[in-house]
K.L.:
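Got a structure here, written out as structure tokens. Questions coming.
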Amino acid sequence: MSDRAKIFAAIRRALGVTGAEAARRRAVDARLADPPESVIPARGQTADRVALFRAEAERVFATVEVLAAAADIPARIADFLRAKNLPPRLRMGADPYLAALPWAATALTLDEGRADGGDRVGLSHAFAGIAETGTLALVSGPDNPTTLNFLPETHIVVVEAQKILGDYETFWQDLRAAYGAGAMPRTVNFITGPSRSADIEQTLLLGAHGPRALHILIVGTVAV
């Protein structure tokens, strides 16, 4: 018997059940088929989710820009790197949204694939933003490798304004709808500001376990 089976057997003994009870199985099946809605915090239920997201992200030391159109992304990234005295080079995955941008109009050099620790700047496309905490939600895969979230010192993340949601509960609903029943990405990373720690003498240190800087590009507007 595996360790997992032993644990479940111990739980069944404690509950005085066998796991074959028809009524219990029906209750589980009904719960999985139609899960009850969680309590939704009021904080994210605002008419201007973009403004709340930006305020919360900046409160935790991220920098944020709002762009009118996706076509503006390459030029704004080039300007950002120049202003920060960073090399005009960045690494990104195979995300089709990012790949379709007019990179040729800039002098940026693009490297594709997973970060290996030698990249100064990484670029990702977020699945969603969560307004109540200013958090980005990124899913793993070749389009947006998880290593981009942690290894480069500067992380630039693009999120569409329409994908900025009020709360985590809505995010999970959208993720399940996007991937379909029984399928999920291997990893979901929630990123709230650049990496930081105050473990040593309560002194805040940026870049403790990941990027020292997080720059967010919000694209477009939310349709009313």
K.L.:
Can you get from F190 to L138 by hopping between Ile, Leu, Val, Met, Phe, Trp and Tyr side chains that sit under 4.5 Å apart?
P.N.:
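As far as the 4.5 Å side-chain criterion goes, L138 and F190 are not connected within one cluster.
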K.L.:
Any side-chain heavy atom of F53 within less than 4.5 Å of one from T135?
P.N.:
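They are not in contact (no side-chain heavy atoms under 4.5 Å apart), so the answer is no.
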K.L.:
Run the numbers on L214 and T63 for side-chain contact (heavy atoms from CB on, under 4.5 Å), then give the verdict.
P.N.:
CA-CA 6 Å; L214 173 65; T63 54; over 6 Å; no
K.L.:
How many angstroms lie between CG in L81 and CG in L90, if you round to the nearest 0.5 Å?
P.N.:
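Going from CG on L81 over to CG on L90, the span is 6.5 Å.
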K.L.:
Can you tell me how far CG of L101 sits from CD1 of I77, rounded to the nearest 0.5 angstrom?
P.N.:
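That separation rounds to 8.0 Å.
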K.L.:
Side-chain contact test, heavy atoms from C-beta onward, threshold under 4.5 Å: evaluate it for V219 versus Y97 and give yes or no.
P.N.:
yes
K.L.:
Is the shortest heavy-atom distance from the side chain of L110 to the side chain of R89 under 4.5 Å?
P.N.:
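No; the side chains remain at least 4.5 Å from each other.
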K.L.:
Is there a side-chain contact between R76 and F80 (heavy atoms, below 4.5 Å)?
P.N.:
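R76 does not reach F80 side chain to side chain.
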K.L.:
For R26 and D29, what are the C-alpha separation, side-chain angles and deciding distance, and is it a salt bridge (Lys or Arg N to Asp or Glu O under 4.0 Å)?
P.N.:
CA-CA 5 Å; R26 286 195 299 270; D29 290 341; over 6 Å; no
K.L.:
Verify the cluster assignment for L217 and V159: are they in a single hydrophobic cluster under the rule of side-chain heavy atoms below 4.5 Å apart?
P.N.:
no
K.L.:
Under 3.5 Å, is there a donor-acceptor pair between the T133 and Y168 side chains?
P.N.:
yes
K.L.:
Under 3.5 Å, which donor-acceptor pairs link side chains of residues 2-20 to any protein atom two or more places apart or in another chain?
P.N.:
| unit_1 | atom_1 | unit_2 | atom_2 | d |
| --- | --- | --- | --- | --- |
| S2 | OG | A5 | N | 3.1 |
| T18 | OG1 | A20 | N | 3.2 |
| T18 | OG1 | E21 | OE2 | 3.3 |

K.L.:
Just wondering, do V60 and E56 contact through their side chains at under 4.5 Å, heavy atoms?
P.N.:
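Not touching, per the 4.5 Å side-chain cut-off.
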K.L.:
Applying side-chain contact (heavy atoms from CB on, under 4.5 Å), name anything that partners R31, two or more places apart in sequence or on another chain.
P.N.:
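Partners of R31 by the side-chain contact (heavy atoms from CB on, under 4.5 Å) criterion, ordered by chain and then number, come out as P36.
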K.L.:
Distance check, rounded to the nearest 0.5 Å: D174 atom CG versus E169 atom CD?
P.N.:
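These two atoms lie 12.0 Å from each other.
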K.L.:
Under 4.5 Å between side-chain heavy atoms, hopping through other hydrophobics if needed: is there a path connecting V157 to M92?
P.N.:
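No, no single cluster joins them.
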K.L.:
Indicate the atoms forming the closest heavy-atom contact of A62 with P194, along with that distance.
P.N.:
N-CD, 3.8 Å
K.L.:
Is the shortest heavy-atom distance from the side chain of L175 to the side chain of M184 under 4.5 Å?
P.N.:
yes
K.L.:
Tell me the closest heavy-atom pair linking P145 and G93, and the distance in Å.
P.N.:
CD-CA, 3.6 Å
K.L.:
Donor-acceptor pair, R43 side chain versus E132 backbone, under 3.5 Å?
P.N.:
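Pair found, side chain donor or acceptor close to backbone of E132.
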K.L.:
For residues P102 and A71, report the shortest heavy-atom separation together with the two atoms involved.
P.N.:
CG-O, 3.5 Å
K.L.:
Are L52 and I218 connected into the same hydrophobic cluster when the rule is that any two of I, L, V, M, F, W, Y join if their side-chain heavy atoms are below 4.5 Å apart?
P.N.:
no
K.L.:
Would you say W103's side chain and L98's backbone share a donor-acceptor pair under 3.5 angstrom?
P.N.:
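Pair found, side chain donor or acceptor close to backbone of L98.
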K.L.:
Give, for atom CZ of R114 and atom CG of L148, the distance between the pair rounded to the nearest 0.5 Å.
P.N.:
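Answer rounded to 0.5 Å: 10.5 Å.
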K.L.:
So does T187 get a backbone contact from the side chain of S140, meaning a donor-acceptor N/O pair under 3.5 Å?
P.N.:
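Yes, because the side chain of S140 sits within donor-acceptor range (under 3.5 Å) of the backbone of T187.
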K.L.:
Got a list of side-chain donor-acceptor pairs under 3.5 Å for residues 119-129, not counting sequence neighbours?
P.N.:
| unit_1 | atom_1 | unit_2 | atom_2 | d |
| --- | --- | --- | --- | --- |
| D119 | OD1 | R91 | NE | 2.9 |
| D119 | OD2 | R91 | NE | 2.9 |
| D119 | OD2 | D116 | N | 3.4 |
| S124 | OG | H155 | NE2 | 2.9 |
| H125 | ND1 | D95 | OD1 | 3.1 |
| H125 | ND1 | D95 | OD2 | 3.3 |
| H125 | NE2 | E160 | OE1 | 2.7 |

K.L.:
Minimum heavy-atom separation for A57 to V64, with atom names?
P.N.:
CB-CG2, 4.0 Å
K.L.:
Could you pull out the closest heavy-atom pair between T147 and A115, with the gap in Å?
P.N.:
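Closest pair (atom of T147, atom of A115, distance): OG1-N, 3.0 Å.
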K.L.:
Out of curiosity, L165 CG to I130 CD1, how far, rounded to the nearest 0.5 Å?
P.N.:
7.0 Å
K.L.:
If the test is side-chain contact (heavy atoms from CB on, under 4.5 Å), which one of D143, V139, N144 qualifies with P185?
P.N.:
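Exactly one pass, corresponding to V139.
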K.L.:
When hydrophobic residues are tied together by side-chain contacts of less than 4.5 Å, even through go-betweens, does L67 share a cluster with L136?
P.N.:
no
K.L.:
In Å and rounded to the nearest 0.5 Å, what is the CZ to CZ distance from R212 to F61?
P.N.:
14.5 Å
K.L.:
Would you say the side-chain atoms of N149 and T146 include a donor-acceptor pair closer than 3.5 Å?
P.N.:
no
